[in-house]
Amino acid sequence: MFGCLVAGRLVQTDAQQVAEDKFVFNLPDYDSINHVVVFMLGTVPFPERMGGSVYISYPDQSGMPVWQLLGFITNEKPSAIFKISGLKSGEGGQHPFGAMNIPQTPSVAQIGISVELLEQMAQQTPVANAAVSTLDSFTQFTQKMLDNFYNFATSFAVSQAQMTPSPSEAFIPANVVLKWYENFQRRLAQNPFFWKT
């Protein structure tokens with residue numbers, strides 16, 4: 001019913017069913033994992049009005065499992081990518097795997113999928129930094145660079161009354177920089193590779 005993928009490793013489709021509505025994948029050597037993909041295999045859909053809450057568990061310093069909600073998969077959204085590299089120091093939250101005796105070793109994390117009502121899933125809040133950005137790194141860099149340039153340039157803005165005449169310097173009105181900034185952001189949003197044409 002489910003698959004789990006870590007970059008550089010084989011796809012896992014052998015989820016351990018620990019309850020009628022709960023499944024677990026083991027992730028050995030989890031310290032080297034940055035992202036994990038959880039997906040439906042397409043063989044068995046969720047029952048109507050149901051979906052899967054995706055959790056990660058890793059052992060804390062005392063060896064006890066710490067569970068965190070990563071997000072959700074549904075029939076309409078059958079796969080999701082989660083960033084797990086920054087979660088290891090976080091604290092656990094409420095989870096449906098608490099009463100189960102799921103064996104866990106110190107260097108192995110677990111991905112848990114709990115089949116739940118969509119209404120119940122909608123009331124849960126995944127851990128904030130598990131979501132993967134949908135923007136590529138070039139677009140993110142460009143947007144940060146634009147913001148930095150605009151903030152830097154406008155930090156020197158003075159009113160016309162505050163300007164001292166200096167024939168050797170050229171002055172650019174701040175509204176021109178703002179117009180360029182807005183146009184560049186609009187074009188970048190429409191096509192991140194517009195600069196190649």
Side-chain angles (χ1 to χ4, degrees), residues 1-137 139-140 144:
M1 185 167 181
F2 303 110
C4 181
L5 177 65
V6 173
R9 300 185 185 184
L10 293 173
V11 174
Q12 294 183 40
T13 58
D14 58 345
Q16 178 185 359
Q17 189 168 359
V18 294
E20 183 180 339
D21 58 350
K22 301 201 178 14
F23 303 84
V24 174
F25 288 101
N26 288 321
L27 299 178
D29 192 25
Y30 71 93
D31 284 329
S32 66
I33 300 173
N34 290 320
H35 297 84
V36 64
V37 180
V38 177
F39 56 94
M40 296 175 64
L41 296 175
T43 55
V44 180
F46 284 113
E48 191 173 325
R49 298 179 40 230
M50 301 291 276
S53 295
V54 181
Y55 294 83
I56 186 167
S57 168
Y58 54 89
D60 65 9
Q61 292 178 355
S62 65
M64 297 301 296
V66 175
W67 289 90
Q68 293 181 334
L69 177 64
L70 296 175
F72 314 99
I73 56 174
T74 63
N75 289 335
E76 292 74 33
K77 184 181 175 270
S79 64
I81 303 172
F82 303 107
K83 181 179 179 186
I84 64 169
S85 58
L87 302 179
K88 297 169 186 104
S89 61
E91 293 183 11
Q94 287 187 321
H95 60 86
F97 296 93
M100 297 179 194
N101 188 14
I102 305 170
Q104 191 166 15
T105 57
S107 64
V108 176
Q110 293 177 320
I111 293 292
I113 302 169
S114 176
V115 179
E116 302 170 356
L117 287 169
L118 294 175
E119 294 82 25
Q120 182 182 348
M121 289 171 33
Q123 296 174 8
Q124 299 172 353
T125 305
V127 64
N129 52 350
V132 175
S133 174
T134 57
L135 298 174
D136 64 59
S137 58
T139 303
Q140 288 177 328
K144 291 283 186 190

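This is a predicted model, so every value here is computed, not measured.
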Of all the heavy-atom pairs spanning [X] and [Y], show the shortest one and how long it is.
X: Val36; Y: Cys4; answer: CG2-SG, 3.5 Å
X: Gly52; Y: Met121; answer: N-SD, 3.6 Å
X: Tyr58; Y: Ala109; answer: CB-CB, 4.2 Å
X: Leu70; Y: Phe82; answer: O-CE2, 3.5 Å
X: Arg9; Y: Leu27; answer: NH1-C, 4.3 Å
X: Ser114; Y: Lys22; answer: OG-NZ, 3.5 Å

Going from CD1 on Ile84 to CG on Asp31, what distance comes out if it is rounded to the nearest 0.5 angstrom?
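If I round to the nearest 0.5 Å, the distance is 9.5 Å.
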From Ile81 CD1 over to Asn34 CG, what is the distance, rounded to the nearest 0.5 angstrom?
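One gets 13.0 Å once the value is rounded to the nearest 0.5 Å.
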side-chain contact (heavy atoms from CB on, under 4.5 Å) between Met50 and Leu117: does it pass, once the steps are laid out?
CA-CA 4 Å; Met50 301 291 276; Leu117 287 169; 3.4 Å; yes
Suppose the criterion is side chain to side chain donor-acceptor pair (under 3.5 Å): which pairs have a residue in residues 38-49, not counting sequence neighbours?
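Side chain to side chain donor-acceptor pair (under 3.5 Å) check on residues 38-49 returns no pairs.
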Using the test side chain to side chain contact (heavy atoms under 4.5 Å, CB included), find all partners of Pro126 that sit at least two apart in sequence or belong to another chain.
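Partners of Pro126 by the side chain to side chain contact (heavy atoms under 4.5 Å, CB included) criterion, ordered by chain and then number, come out as Leu69, Phe72.
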Please list, chain by chain and in numerical order, all residues satisfying side chain to side chain contact (heavy atoms under 4.5 Å, CB included) with Thr13, sequence neighbours excluded.
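Here the qualifying residues are Val11, Leu41.
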Quick one: ring-ring contact (aromatic ring centres under 6.0 Å, His included) partners of Phe46, sequence neighbours excluded?
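Result, ring-ring contact (aromatic ring centres under 6.0 Å, His included) vs Phe46: Phe2.
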Quick one: which residue pairs count as a salt bridge (charged side-chain N to carboxylate O under 4.0 Å, His left out) with a foot in residues 68-80, not counting sequence neighbours?
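Residue pairs passing salt bridge (charged side-chain N to carboxylate O under 4.0 Å, His left out), neighbours aside: none found.
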How would you list, by chain and number, every residue that makes a side chain to side chain donor-acceptor pair (under 3.5 Å) with Gln124, sequence neighbours excluded?
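Gln124 satisfies side chain to side chain donor-acceptor pair (under 3.5 Å) with Ser53, Glu116 once adjacent residues are dropped.
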Given 3.5 Å as the limit, does a donor-acceptor pair link the side chain of Gln17 with the main chain of Glu20, or not?
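Judged by distance alone, yes, a pair lies under 3.5 Å.
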Please determine whether side-chain contact (heavy atoms from CB on, under 4.5 Å) holds for the pair Gln110 and Trp67, giving the CA-CA distance in whole Å, both sets of side-chain angles, and the decisive distance to 0.1 Å.
CA-CA 9 Å; Gln110 293 177 320; Trp67 289 90; 4.2 Å; yes
